[in-house]
Amino acid sequence: MQRRIRRSLFRSAAAATALGLLAAGAFATPAVAADEPVSAGITVPKVDNLSPDFINGVDVSSVIALEDSGVVFRDTAGQPADLFEVLADAGVTDVRVRVWNDPFDAAGNGYGGGTVDVARAIEIGERATDAGLRLLVDFHYSDFWADPAKQKAPKAWAALSVADKAAATRAYTAEALTAFASAGVDVRMVQIGNETTNGVAGVSGWDDMAQIFSAGSAAVRDVLPNALVALHFTNPERPGSYADIAKQLDDRGVDYDVFASSYYPFWHGTLQNLTSVLRQVADT
């Protein structure tokens, strides 16, 4: 199958949630706050003339935890409203939800960040689908945040060999996506790992990482063949980094559709550079 390389910019966690709420003109206020919510005074201007297939996405992974803590989301008129409907009304097309294998300690306390396991992610996905939004499922293959500095294997996989971790990745991904499908969630894209520049699921080195990527991708193809498979990296400002990553994946025959990049302007260089390095990946 011909590989389709697409560019996808999703901010992670709180940054994306905050941006999405501001772009939608929504307010988050405590349930006991004053009757009149106070605007943050920050807006994100609408970008006109986007291509019809542009994905306008927001990470909403913490929504249930926020609501449980008393947060009330409001529409542009300041009235209490469902967050997903507010986002849909503002032109958002997709939401992302990060998924951790077992985000709880031995006493059953959640690690935070929304404490999103598969069950909670499905609940979020159902609400998104009901509002007409599509879903990006972001599997971290960890029990908490995975990023370039930490790619810790889930507790249950810690002692496994690379081959066994790959098998566990395929089984876990397939089981989770089957549950999403059974719940009627409209999954557009599945992310195999989060900011996996230096590793994934406690595995490093391209030969071993490719086993994990391929296992996750195969599960997506098996369960949701119409969903896009995304691999997610960061630090596009490093000269030659993305070209090398794309080559490493190609040399090992990793099957994917979307070469996804984090992009925080403070750290990651100019948009011109981002465009250049991603276009090189797409064209080459």
Side-chain angles (χ1 to χ4, degrees), residues 10 12-14 59-62 64-65 96-125 135-183 185 187 189-224 227 229-234 249 254-256 260 262:
F10 280 90
S12 65
D59 190 299
V60 295
S61 301
S62 296
I64 294 175
R96 184 181 72 171
V97 59
R98 56 184 173 266
V99 182
W100 295 310
N101 289 43
D102 180 22
F104 301 92
D105 64 18
N109 300 308
Y111 294 143
T115 313
V116 185
D117 56 8
V118 172
R120 176 161 282 193
I122 290 172
E123 183 178 350
I124 292 171
L135 190 71
L136 163 59
V137 181
D138 173 13
F139 288 111
H140 281 227
Y141 300 114
S142 182
D143 290 337
F144 197 52
W145 233 288
D147 59 38
K150 53 184 182 299
Q151 290 286 340
K152 189 174 181 179
K155 294 183 290 290
W157 300 3
L160 298 181
S161 66
V162 173
D164 286 343
K165 281 182 180 176
T169 297
R170 184 164 184 171
Y172 168 78
T173 305
E175 182 179 2
L177 294 179
T178 298
F180 276 99
S182 297
V185 176
V187 177
M189 192 182 301
V190 181
Q191 187 175 310
I192 308 300
N194 192 75
E195 295 190 323
T196 57
T197 306
N198 300 320
V200 59
V203 171
S204 60
W206 283 109
D207 288 341
D208 292 345
M209 289 164 60
Q211 291 187 54
I212 305 297
F213 293 144
S214 294
S217 175
V220 179
R221 303 301 190 207
D222 288 343
V223 179
L224 296 175
V229 175
L231 301 183
H232 183 221
F233 305 99
T234 190
L249 297 170
V254 177
D255 174 25
Y256 69 102
S262 292

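FYI, side chains are in, hydrogens and waters are out, and symmetry mates aren't considered; it's all heavy atoms of this structure.
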Looking at [X] and [Y], what are the two nearest heavy atoms and their distance?
| X | Y | answer |
| --- | --- | --- |
| E123 | I64 | CD-CD1, 3.5 Å |
| L224 | A181 | CD2-CB, 4.1 Å |
| S62 | G113 | OG-O, 3.6 Å |
| G112 | F144 | O-CE1, 3.4 Å |
| V116 | S61 | CG2-O, 3.2 Å |
| A227 | R221 | O-NH1, 3.7 Å |

Q. Among all residues two or more places apart in sequence or in another chain, which pass the side chain to side chain contact (heavy atoms under 4.5 Å, CB included) test with A183?
A. I122, E126, V185
Q. Residues in side chain to side chain contact (heavy atoms under 4.5 Å, CB included) with N198, at least two apart?
A. P148
Sequence neighbours excluded, which residues qualify as side chain to side chain donor-acceptor pair (under 3.5 Å) partners of [X]?
| X | result |
| --- | --- |
| T234 | H268 |
| D117 | none |
| R120 | none |
| D143 | K155 |

Q: Would you please classify the geometry between the H140 ring and the W145 ring as parallel, tilted or perpendicular, with 30° and 60° separating the classes?
A: perpendicular
Q | Whether W206 and F233 hold their rings parallel, tilted or perpendicular, with breakpoints at 30° and 60° | A | tilted
Q | With F139 via ring-ring contact (aromatic ring centres under 6.0 Å, His included) - residues at least two apart | A | Y141, Y172
Q: Kindly state each residue pair satisfying salt bridge (Lys or Arg N to Asp or Glu O under 4.0 Å) with at least one member in residues 197-219, sequence neighbours excluded.
A: D207-R252
Q) Can you list every pair that meets salt bridge (Lys or Arg N to Asp or Glu O under 4.0 Å) and has a residue in residues 161-174, with sequence neighbours left out? A) R170-D222
Q.
Return the CD1 to NE2 distance between I192 and H232, rounded to the nearest 0.5 Å.
A. 13.0 Å
Q | Interatomic distance, M189 atom CE to L136 atom CG [nearest 0.5 angstrom] | A | 6.0 Å
Q | R96/D59 salt bridge by N-O under 4.0 Å criterion | A | yes
Q: Run the numbers on F180 and V223 for side-chain contact (heavy atoms from CB on, under 4.5 Å), then give the verdict.
A: CA-CA 10 Å; F180 276 99; V223 179; over 6 Å; no
Quick one: side chains of residues 209-218, donor-acceptor pairs under 3.5 Å with protein atoms, not counting sequence neighbours, listed by atom name and distance.
| from | atom 1 | to | atom 2 | distance (Å) |
| --- | --- | --- | --- | --- |
| S214 | OG | A210 | O | 2.9 |
| S217 | OG | D255 | O | 2.6 |

Q. Is any side-chain heavy atom of S142 less than 4.5 Å from a side-chain heavy atom of Q151?
A. no
